[in-house]
Amino acid sequence: MFNFLRRTQLVKRGLASSKTRRRRASNEILRNLEYSPGMKVTIFAAFVAGLALLIFSGQQPEPTKNFVIALLFLITAIAQLWINQPKTFLQNSRVLLVFGTIFFQLAITKLLIVLCNSGVFSLLKPETAWLIAPYAFAPLVLCVLLGRNHGLYAAVFVSLWSSILVNKIDAPMLVNGLISGFTAVYLTLQVRRRARLIRAGLCVGLAIWLLSLAFGLIGPINLFTPSATDWPMIGIQSALAIGNGIVTAMAVGGALPILEHLFRITTDISWLEASDLNHPLLRRMTIEAPGTYHHSLVVANLAESAAEAIGANATLCRVCSYFHDVGKLVKPDYFTENMNFERNPHDDLAPTMSALIIIAHVKEGVDLALKHGLNQEVIDVIQQHHGTSLVFYFYKRALQQAEDARAGGKIMKMREGDIPDVSEESFRYSGPRPQTKESAIISLADMVESASRSLEKPTPQKIEQLVIDLIDQRIADHQLDECELSLRELKIIAERFRFTLMSMLHTRIAYPKEGKAAAARDDDGRPDVMAASKRPDSAPPVSAA
């Protein structure tokens, strides 16, 4: 209340802006629940209760024994998740996603077993449950959302739990679950199109069909007297087995957008959808800040190439690079790439004011990103791509002005205290520093691309030295301390930057003008473009495009 009144008074006096920046809504309750041990215990307790419901429902000879085995599997699963995936184990939302998806598949499997054993549908016989159980649902979902290791984790444990839902551990169901789950994970390592899911589902269906034939779940087939074989029934069973994988993949494709929204996860499919250059902010940039737009495209190429080389998320890097400088739309003329060179607006400003305008583009970018509902990871990159680095040009300019003021002060016999000190902190971005590999790569690509424009007659040696020096500066300034990039990965990134910049900053031969073309021809009529002495003075400069 008091802050609001104080701000109102400042606005009336012209000492503050009436504009209020958008801020990300912070929910303290959700943050506490995300890392609460009690919440984690509640998730595991709910999973145990669900297992008990699935195992003790129906008519099983030894449900208590099966439940004890299921609990032992659960202890192993928790230990494996804690040891191999500590980041996932730390976040309760990820734990809920993993075990919730697994339990959903178990519940569907149990429902199908009950339906097949009930005899309500003539087509569904007890052995049909092994053909239509959704073996690959949890592996597909977790592989696409959380990665390959989570998919393999789900394939192993969901197969173990599924195999004891009927009676004792059932070998055909266990093997079917393992192999179909592994097949699904292998075929969805990089899903960039939803059609890839359907292809994976088809292969899973073929794997289920082959395994069912091997275990005798389809048939029987009499090879010696084919006429005695019930081929229509075999056709129906084969269609159920193959269709099982396809229907599972379609269900996963429909569930992914919902799960992405609920658990705030962005898949490569969504990143590709977000890479559309017709986004309103990017369309504005092409008109209001064309230099920044071109800069962002080049940064995207650099970052994507480097990310692919070290195994980071290249699609994320490309999309985030498009929007990393979107805050320059507020004052585009104050940034070098958008100036018209007739007038530099910074000539009329003090260095501190110029630095404030430059630094503000990060906060303005977050404001625009929130207004247009951009992905949270895009907002994080906008905040982190400059880290806490120094606006070096205006800092040096301020130091020079301070030195000139001191020199003039001595002549005017002014006191030293009357000349304000230049604080380095006033010329630094507010951060935070890059927290992920992708954010650090974009930060380095942004710096390298900007600096490469100042190279005169770029050569491979100049480009390589520039890249190495700039990365060394960021390391010395501790801007990469909070991300997970290793020195080996930085070396690979530098090499990719060098290669990509050499491809983009190549030179072309300057062609002579048409009116003087004859002067540059040799005796056999071909243009002698290699003879520098013959090139006319009015020829256009060598293009760097």
Side-chain angles (χ1 to χ4, degrees), residues 34-35 39-48 50-51 54 69-110 133-165 169-171 173-191 196-197 200-201 203-204 207-208 211 245 248-249 251-253 255-256 259-260 262-268 311 313:
E34 179 71 2
Y35 300 100
M39 187 63 188
K40 194 178 276 80
V41 172
T42 303
I43 294 172
F44 292 139
F47 187 78
V48 170
L51 282 178
L54 295 178
I69 294 173
L71 288 180
L72 293 175
F73 288 158
L74 177 61
I75 294 172
T76 307
I78 294 173
Q80 287 291 324
L81 191 66
W82 176 52
I83 294 170
N84 296 328
Q85 304 295 335
K87 291 184 177 180
T88 299
F89 188 82
L90 183 65
Q91 295 179 268
N92 291 332
S93 62
R94 297 292 188 267
V95 174
L96 177 61
L97 173 61
V98 171
F99 285 91
T101 305
I102 289 175
F103 180 76
F104 181 80
Q105 178 175 327
L106 293 175
I108 296 297
T109 302
K110 180 67 175 182
Y135 298 105
F137 181 82
L140 273 175
V141 169
L142 296 181
C143 182
V144 175
L145 289 178
L146 299 178
R148 170 180 55 188
N149 293 331
H150 293 82
L152 295 175
Y153 174 89
V156 171
F157 286 102
V158 80
S159 301
L160 290 172
W161 279 312
S162 297
S163 66
I164 62 174
L165 289 180
I169 295 180
D170 187 273
M173 180 166 277
L174 177 60
V175 175
N176 254 333
L178 288 173
I179 294 181
S180 59
F182 291 162
T183 303
V185 171
Y186 175 76
L187 294 173
T188 52
L189 294 181
Q190 286 185 337
V191 179
R196 183 75 177 266
L197 285 174
C203 293
V204 168
I208 295 173
L211 290 170
T248 300
V252 170
L256 280 177
L259 294 174
E260 286 183 60
L262 288 177
F263 294 96
R264 296 184 179 181
I265 298 173
T266 308
T267 63
D268 283 346
N313 193 327

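Every value quoted in this text rests on a predicted model; they were computed, and no experiment measured them.
The CD atom of Q85 lies 12.0 Å from the CZ atom of R94; values are rounded to the nearest 0.5 Å. C143 SG to L189 CG: the interatomic distance, rounded to the nearest 0.5 Å, is 5.5 Å. Note that the OG atom of S159 and the CG atom of N176 stand 9.0 Å from one another [nearest 0.5 Å]. Here CD1 of I164 is found 11.5 Å from CE of M173. Values are rounded to the nearest 0.5 Å. Annotation: the span from L90 atom CG to L81 atom CG amounts to 11.0 Å, rounded to 0.5 Å. Rounding to the nearest 0.5 Å gives a distance of 4.5 Å between CG of L146 and CD1 of I265.
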side-chain contact (heavy atoms from CB on, under 4.5 Å) assessment of L96 paired with F263: CA-CA 9 Å; L96 177 61; F263 294 96; 4.3 Å; yes
What's the verdict on side-chain contact (heavy atoms from CB on, under 4.5 Å) for L197 and L256, showing C-alpha distance, side-chain angles and the deciding distance?
CA-CA 11 Å; L197 285 174; L256 280 177; 3.8 Å; yes
Derivation of the side-chain contact (heavy atoms from CB on, under 4.5 Å) call for F89 and I83
CA-CA 9 Å; F89 188 82; I83 294 170; over 6 Å; no
I would like to know whether L142 and T101 meet side-chain contact (heavy atoms from CB on, under 4.5 Å); could you show each step before the answer?
-> CA-CA 8 Å; L142 296 181; T101 305; 4.1 Å; yes
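No option in W161, F104, F157, F73 other than W161 meets the ring-ring contact (aromatic ring centres under 6.0 Å, His included) test with F47.
Taking the side chain as every heavy atom from C-beta outward, L54 and F103 approach each other to under 4.5 Å. Counting only heavy atoms from C-beta outward, the side chains of I208 and Y135 approach each other to under 4.5 Å. The shortest side-chain heavy-atom distance between I108 and F137 does not fall under the 4.5 Å cut-off. Between L106 and L51, some side-chain heavy-atom pair lies under the 4.5 Å cut-off.
K110 approaches L165 most closely through the heavy-atom pair NZ-O, 3.4 Å. Closest approach of S93 to E34, counting heavy atoms only: OG-OE2, 2.8 Å. Closest non-hydrogen pair, R196 versus V191, comes out as CB-CG1, 4.2 Å. Residue V204 comes nearest to S180 through the heavy atom pair CG2-O, 3.7 Å, listed as atom of the first residue, atom of the second, then distance. Closest heavy-atom contact between T248 and A136: CG2-C, 4.0 Å. Considering all non-hydrogen atoms of both residues, V185 and G151 come closest at CG2-C, 3.5 Å.
With a 6.0 Å radius and a threshold of 12 heavy atoms from other residues, nucleotides or ligands, Y186 has its OH atom at or below the threshold.
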